[in-house]
Amino acid sequence: MYKLQNLVEDVSKKAKIKKSVLVEVWDTFNRYVTHNFDQQKGVQVTNFCKIGWAIERRGSNVSYRPYFQLLNSFSEAFQLETRSMAKDLPDKDFCPF
């Protein structure tokens with residue numbers, strides 16, 4: 001299975017960046033996303049994805065579910081098929097980004 005360690009090694013070789021720097025960047029990003037999730041907020045990573053909470057309303061009940069969506073710009077740039085990916089939700093159905 002391809003794991004984070006494999007990704008760090010591959011990127012380090014190709015981009016000639018120290019592994020420790022890549023690990024620190026990933027850890028910082030991970031802590032930022034976790035911090036926002038803990039506050040029921042989301043994150044939009046420019047030209048990559050939306051990560052956050054989708055609001056589901058059923059009558060008077062409101063619940064939240066985790067949400068991940070690749071942005072169209074990313075999908076198009078890498079020629080990804082988007083049929084099976086999450087559907088675009090209207091902004092009113094997201095917790096703030």
Side-chain angles (χ1 to χ4, degrees):
M1 176 185 277
Y2 195 79
K3 297 183 178 184
L4 179 59
Q5 182 178 351
N6 304 109
L7 177 64
V8 168
E9 288 174 13
D10 289 347
V11 172
S12 177
K13 289 176 188 172
K14 290 179 183 174
K16 297 183 176 150
I17 299 172
K18 290 182 182 179
K19 290 180 198 175
S20 61
V21 171
L22 294 171
V23 169
E24 186 176 340
V25 168
W26 180 253
D27 183 56
T28 301
F29 175 75
N30 192 31
R31 284 186 282 124
Y32 177 69
V33 170
T34 301
H35 173 77
N36 280 311
F37 258 52
D38 289 346
Q39 296 182 12
Q40 284 194 323
K41 293 182 180 179
V43 175
Q44 181 165 332
V45 182
T46 304
N47 293 322
F48 179 51
C49 69
K50 283 183 180 181
I51 307 169
W53 294 99
I55 302 168
E56 292 184 341
R57 295 173 181 85
R58 293 187 181 144
S60 61
N61 294 333
V62 175
S63 62
Y64 302 90
R65 65 176 171 81
Y67 182 83
F68 176 86
Q69 179 189 22
L70 291 174
L71 296 177
N72 288 338
S73 57
F74 183 84
S75 299
E76 290 169 5
F78 293 96
Q79 300 172 350
L80 301 175
E81 189 171 321
T82 59
R83 273 189 309 194
S84 63
M85 293 184 192
K87 303 287 186 243
D88 284 330
L89 293 176
D91 287 341
K92 68 178 181 59
D93 290 338
F94 282 112
C95 286
F97 283 91

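In what follows, residues are counted from 1 in the order of the sequence shown.
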task = Determine, stepwise, if the pair Leu71 / Gln44 fulfils side-chain contact (heavy atoms from CB on, under 4.5 Å).
result = CA-CA 9 Å; Leu71 296 177; Gln44 181 165 332; 4.0 Å; yes
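- The CD atom of Glu76 sits 10.5 Å away from the CG atom of Asn47 when rounded to the nearest 0.5 Å.
- Listed here is the closest heavy atom pair of Leu80 and Leu70: CD1-CD1, 3.9 Å.
- The two residues Lys18 and Ser12 have their closest heavy-atom pair at C-OG, 4.1 Å.
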inquiry  = Under the criterion side-chain contact (heavy atoms from CB on, under 4.5 Å), I'd like the reasoning laid out for Cys49 against Phe74: C-alpha separation, chi angles, the key distance, then a yes or no.
reply    = CA-CA 8 Å; Cys49 69; Phe74 183 84; over 6 Å; no
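- Nearest heavy atom pair, residue Asn6 against residue Met1, reads OD1-O, 3.7 Å.
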Per-pair distances, 0.1 Å, donor-acceptor, side chain in residues 22-38, under 3.5 Å, sequence neighbours excluded:
residue	atom	partner	partner atom	Å
Asp27	OD2	Arg31	NE	3.0
Asp27	OD2	Arg31	NH2	3.3
Thr28	OG1	Glu24	O	2.9
Thr28	OG1	Arg31	NH2	3.4
Thr34	OG1	Asn30	O	2.8
His35	NE2	Gln39	NE2	2.9
Asn36	ND2	Tyr32	O	3.3

query = Does the side-chain contact (heavy atoms from CB on, under 4.5 Å) test come out yes or no for Asp10 and Tyr2, once each step is laid out?
reply = CA-CA 11 Å; Asp10 289 347; Tyr2 195 79; 2.5 Å; yes
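- Separation of atoms OH (Tyr64) and CD (Gln40) is listed at 5.0 Å; rounding is to 0.5 Å.
- Side-chain contact between Trp53 and Arg65: absent, with no pair of heavy atoms (C-beta onward) separated by less than 4.5 Å.
- Interatomic distance, NZ of Lys50 versus OH of Tyr67, reported as 6.5 Å (0.5 Å rounding).
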